[in-house]
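Step one of this worksheet: look at the structure below.
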Amino acid sequence: MKNIKSVLCLAAVLLTALTLLAGCAAPGGRELWAELSEEGRDNGFQPLNIATPPFALSALLKSPPNGAAVESLVVYLEGDGRVLTPRGELREDPTPSQSMVFELARQDPAPAVLYLARIGQYQPQYTGAAYQAYWSEDRLAPAVVGAADAAIAQIKGRVGARNLYLVGYSGGGGLACLLAAQRDDVAGLVTVAGLLDHAWWTSTNHYPPLSGSLNPAEFVADLTDIPQVHFYGTNDKLISPEMSARFASLAVFKNLARVGVEASHGQGWPEAWPGLLQKYVLPLRQR
């Protein structure tokens, strides 16, 4: 860790806001992956272990059964996961106890949909003290972006897609922005309660900075031409509506919408998703 005191300080400050994400004692990554894989298969998704040296990422893929190429691959990026213990200590394993992001992905009608977990999630070999920075101050580090980028490139080639639509939740929203800023095949960008400007977020809330992370807000110049929708929870106490408002004010975007949803940071999104898909997300793809 770069600064364990800073991390523990951040953990204490965020404990109340992350109670739903932290939870109590839970099964380990392997057991949770077995459960999620079964749920994936029940919904037409194939479990994958994608090598992205020096890491591997867990994923679930829905694609046409006949192997036919598709125009677009829709990628759902997991959030930071279960970062803290009930005592406010940084966890050694960030695997979410239940993936709300997959609940969104499985409702998506696109023929090719990829759910992509983050470093350490469902991967016990990449957990522990040596990797904790990747779900704390380095959660959006170049290595994190590079691993996701490599995984997406592999699956895009596998399904024969020409372009991508990215959907990211929380820290995965920031990751989606960083990926879109460096790729030339992203046709649309959607964030859900996204961490879009972590420097502003930590400064405003008096949290220690995410010192090893790239900041999506610094790459807005590379995103202005991409159609995008940023959903925010009107009851979100962790990432406030001001986050996306500030992000939208940093540049002149050709096609950007902010949409408030009656949800908190960790609740309400799966129930709202069918309506949001029909009204905002699918029309974005038609453009």
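Note: hydrogens, waters and symmetry copies are ignored here, and every other heavy atom, side chains too, is used.
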[X] side chain vs [Y] backbone, donor-acceptor pair below 3.5 Å:
{"X": "Gln154", "Y": "Ala51", "answer": "yes"}
{"X": "Thr127", "Y": "Pro124", "answer": "yes"}
{"X": "Lys62", "Y": "Asp108", "answer": "yes"}
{"X": "Arg258", "Y": "Pro241", "answer": "yes"}
{"X": "Ser63", "Y": "Val159", "answer": "no"}
{"X": "Arg118", "Y": "Gly79", "answer": "yes"}
{"X": "Gln107", "Y": "Pro270", "answer": "yes"}
{"X": "Tyr165", "Y": "Arg285", "answer": "yes"}

* Asked: Are Lys156 and Asp185 close enough, and set up right, to give a salt bridge (charged side-chain N to carboxylate O under 4.0 Å, His left out), and what steps lead you there?
  -> CA-CA 10 Å; Lys156 181 190 174 191; Asp185 56 357; 2.7 Å; yes
* To do: Measure from the ring center of Tyr134 to the ring center of Tyr126 and say whether it is less than 6.0 Å.
  =>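 Between Tyr126 and Tyr134, which both carry aromatic rings, the centre distance is not below 6.0 Å.
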* Strictly under 6.0 Å, is that where the ring centroids of Tyr169 and Tyr76 end up? ->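 Ring centroids of Tyr169 and Tyr76 are no less than 6.0 Å from each other.
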In terms of side-chain heavy atoms, does [X] have a donor or acceptor partner in [Y] at a distance below 3.5 Å?
{"X": "Ser72", "Y": "Asn163", "value": "yes"}
{"X": "Gln132", "Y": "Asp138", "value": "no"}
{"X": "Ser58", "Y": "Gln121", "value": "no"}
{"X": "Ser213", "Y": "His198", "value": "no"}

To check you understand the geometry: which heavy-atom pair defines the closest contact between [X] and [Y], and what is its length?
{"X": "Leu196", "Y": "Met243", "result": "N-SD, 3.6 Å"}
{"X": "Ala251", "Y": "Val220", "result": "CB-CG2, 4.0 Å"}
{"X": "Ser136", "Y": "Leu210", "result": "O-CD2, 3.9 Å"}
{"X": "Val70", "Y": "Ala112", "result": "CG2-CB, 3.7 Å"}
{"X": "Ala59", "Y": "Ile50", "result": "CB-CD1, 3.7 Å"}
{"X": "Pro227", "Y": "Asp225", "result": "CD-O, 3.5 Å"}

Salt-bridge test for [X] and [Y]: reply yes if a basic N is under 4.0 Å from a carboxylate O, no otherwise.
{"X": "Glu71", "Y": "Arg162", "value": "yes"}
{"X": "Arg91", "Y": "Asp93", "value": "no"}
{"X": "Asp149", "Y": "Arg183", "value": "yes"}

Quick one: does [X]'s side chain get under 4.5 Å of [Y]'s, heavy atoms only?
{"X": "Tyr115", "Y": "Leu36", "value": "yes"}
{"X": "Phe231", "Y": "Val190", "value": "yes"}
{"X": "Glu103", "Y": "Glu39", "value": "yes"}
{"X": "Pro109", "Y": "Leu282", "value": "yes"}
{"X": "Leu179", "Y": "Val186", "value": "no"}
{"X": "Val261", "Y": "Thr234", "value": "no"}
{"X": "Phe102", "Y": "Leu60", "value": "yes"}
{"X": "Arg158", "Y": "Leu61", "value": "yes"}

* Asked: Can you name the residues that form a ring pair (Phe, Tyr, Trp, His ring centres under 6.0 Å) with Trp33, not counting sequence neighbours?
  ->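 Per chain and number, Trp33 pairs via ring pair (Phe, Tyr, Trp, His ring centres under 6.0 Å) with Tyr122.
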Atom pair [atom1] ([X]) and [atom2] ([Y]), whose distance is rounded to the nearest 0.5 Å:
{"X": "Asp222", "Y": "Gln182", "atom1": "CG", "atom2": "CD", "value": "10.0 Å"}
{"X": "Phe253", "Y": "Leu189", "atom1": "CZ", "atom2": "CG", "value": "9.0 Å"}
{"X": "Leu166", "Y": "Ile152", "atom1": "CG", "atom2": "CD1", "value": "5.5 Å"}
{"X": "Asp236", "Y": "Trp269", "atom1": "CG", "atom2": "CH2", "value": "7.5 Å"}
{"X": "Thr224", "Y": "Lys254", "atom1": "OG1", "atom2": "NZ", "value": "6.5 Å"}
{"X": "Leu116", "Y": "Leu48", "atom1": "CG", "atom2": "CG", "value": "10.0 Å"}

* Hey, any chance Leu238 and Phe247 share a hydrophobic cluster, counting ILVMFWY side chains that come within less than 4.5 Å of each other, even indirectly? ->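 Same cluster: Leu238 reaches Phe247 through Ile, Leu, Val, Met, Phe, Trp or Tyr contacts under 4.5 Å.
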* **Residues which pass salt bridge (Lys or Arg N to Asp or Glu O under 4.0 Å) with Asp197, listed by chain and number, not counting sequence neighbours** =>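 So Asp197 forms a salt bridge (Lys or Arg N to Asp or Glu O under 4.0 Å) with Arg246.
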* Asked: Does atom CD of Gln125 have more than 12 heavy-atom neighbours from other groups under 6.0 Å away?
  ->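 Counting neighbours around CD of Gln125, more than 12 heavy atoms of other residues, nucleotides or ligands fall under 6.0 Å, so yes.
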